[in-house]
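Since the structure comes first, as structure tokens, the remarks are kept for the end.
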Amino acid sequence: MPEKLKKFYENQRDLLQAAKTETQGSLGQAQVKLREARNAQTQCTQELATLERGIAENRRAMAQALMPSDVEALAEQLRKLIIGHRNKQRALLDAEQRVDEAQRAQSRAAAELSRTTSRLSQAETELAEAGRRLERFENWKNALASPPLSDLKANAESVRDGDFKEAKARVKEDIPAELYNRAVQRRDRQLERLTTLKELADDAEDKLAEKREKDQGTAQRVARRWTRYRMAEADLGDYVQRSKERYDLAVALLGRINKSTDLTQAQRGRIKALMGAGKNAISAEIARDEALWAVETKEVELSKKTRELNRKTRELRMSGAGPDDLDADEEVQALRADVQKLKDDLAALKTELTTKESEYSKLNEAGESMRSALDAWEASVPDHIWANLDALNRAETLLEDLVDEEKAKALLNAVNFIDVDSPQTLLVNALEKHAKSVVALDDLQAAAEQAREDWKFAEQIRQRLLLSATRGDSPPPGDGEQPPGDGEQPLGDEEQPSEDEDS
């Protein structure tokens, strides 16, 4: 993997290593706080028990006292004990809440440490993979700059100016010019169809990816960018690993043409004899094919617009819209109008296609149609001659790719070029945004969980809290709390996790 991506994973590893160290410190602090909170709770419990015993003893003494002065003194003492008992109950409630908070803080820190450790391990794995990708890229780059790949451009140019010209002349000599040109036209039109199908597939996949990205966020954006980047890597790897193979194939195809069997005089005579009727039929076939192409193009437009209308209709129905609501929606109305116009246009084009097809298939006075005349002329050319033309076209495509010195640069740049629109830059940007999103989501989730747990514990002791508040219980400042100075420590002075039962 090239430099920018490797640098991203190095930064992620370093950040996660620092986060792991910090989380280990947080876990140590949480363990210390939990011990202190439990000690404070135990102390409160013991002091509350002492107060309860004092109240019981006071009441027994009052029951046995004979002198009014003694009873009055014991009653004053009892009032003080009851006040202390109630305040200590409140202090115990506070201590219980601190123990609960400390336990959850320890659990959160342990979970965060586990999560960070796992992510660090993943980042180290990805960094190692990045190193291997970078090494592979450098090998590809060096291979392009070294023989035999560095010689392919010159070799391909030599073949194009030599064997290719000879093979092309041979093919054009065997196939009449009109038939040759028509064959090339049909091949080009088929290439257009294939290109259109690829564009439709790309468009549909892009729309799907955009929708997923919108609904699922940064993770889906990363997946989409990774797909594009891996495609760029695959294209570069394929070019490096198979360019010599493609060059050899082009040379072999041209050699096969130049060594192929010559047409016999009888074959040439038959081709020439059928030329007149065949030439007259070419214009009719062209007219029919153009009409067919217009129908196919309009069908694609109609299909896309119909999907758009259906998608909008389903969205509105999911929101509870009825037939009247759909009829009143301006976007639906506009889409319906577009669909109807495309249907009307398609019907007219199909009518035109029927007319052209009829003209192409209509029989003449001799009982022969232009279609059959052209078929007969094309069939007079032996299969190995048509195979030569196909081989010539394939060889031309292969050689043009090898001669094009910009193609290798474009493939290298797609993988490594640091440009705003390059696959690498788009991928790194998506990775960085996703990493920030993960951190933000972790923080929000932790805050939500903590707030929910605070509320749940308070609900568990709800009646005790309400009674204490109603009576006005208020422990003296510091009662039941941990000693000052023993709480959270500055980063860098963290106590490491222990192996005791609090871990």
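Side-chain atoms of Q333 come within 3.5 Å of backbone N or O of D327 as a donor-acceptor pair. Not a single donor-acceptor pair under 3.5 Å links the side chain of S118 to the backbone N or O of S114. Proximity of a side-chain donor or acceptor of Y229 to a complementary backbone N or O of V415 within less than 3.5 Å is detected.
One finds the CD atom of E129 at 11.5 Å from the CG atom of L5 (value rounded to the nearest 0.5 Å).
The number of heavy atoms from other shown groups lying within 6.0 Å of CD (E400) is above 12. Annotation: R189, atom CZ; neighbour count of heavy atoms from other residues, nucleotides and ligands within 6.0 Å is above 12. Heavy atoms of other residues, nucleotides or ligands lying less than 6.0 angstrom from CZ of R317 number 12 at most.
For D344 and Q340, the side-chain atoms include at least one donor-acceptor pair closer than 3.5 Å. For the residue pair S26/E22, the side-chain donor-acceptor check at 3.5 Å is not satisfied. Side-chain contact of Q122 with E126: a donor-acceptor pair under 3.5 Å is present, judged by distance alone. When only modelled atom types and interatomic distance are considered, R53 and T50 share a side-chain donor-acceptor pair under 3.5 Å. Residues R307 and S303 have side chains that bring a donor and an acceptor to within less than 3.5 angstrom of each other.
R242 and E245 are joined by a salt bridge, as a carboxylate oxygen and a charged side-chain nitrogen come within less than 4.0 angstrom of each other. Salt bridge E124/R13: absent, no basic N to carboxylate O contact under 4.0 Å. At a threshold of 4.0 Å, the pair R132-E135 does not count as salt-bridged, since none of the basic side-chain nitrogens sits closer than that to a carboxylate oxygen. Salt bridge status for R115 with E112: present, with a side-chain N to carboxylate O gap under 4.0 Å. Note on R98 versus D94: no salt bridge recorded, every NZ/NE/NH1/NH2 to OD/OE distance being 4.0 Å or above.
Cation-pi geometry between R230 and W226 is satisfied (NZ or CZ under 6.0 Å from the ring centre, within 45° of the ring normal).
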Residue pair E157, K153: steps toward the salt bridge (charged side-chain N to carboxylate O under 4.0 Å, His left out) verdict = CA-CA 6 Å; E157 288 175 341; K153 179 178 181 296; 2.7 Å; yes
Give the intermediate values and the outcome of side chain to side chain contact (heavy atoms under 4.5 Å, CB included) for residues M231 and T227.
-> CA-CA 6 Å; M231 288 172 62; T227 298; 4.1 Å; yes
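For the side chain to side chain contact (heavy atoms under 4.5 Å, CB included) test with L346, the passing option among K341, E301, E299 is E299; the others fail.
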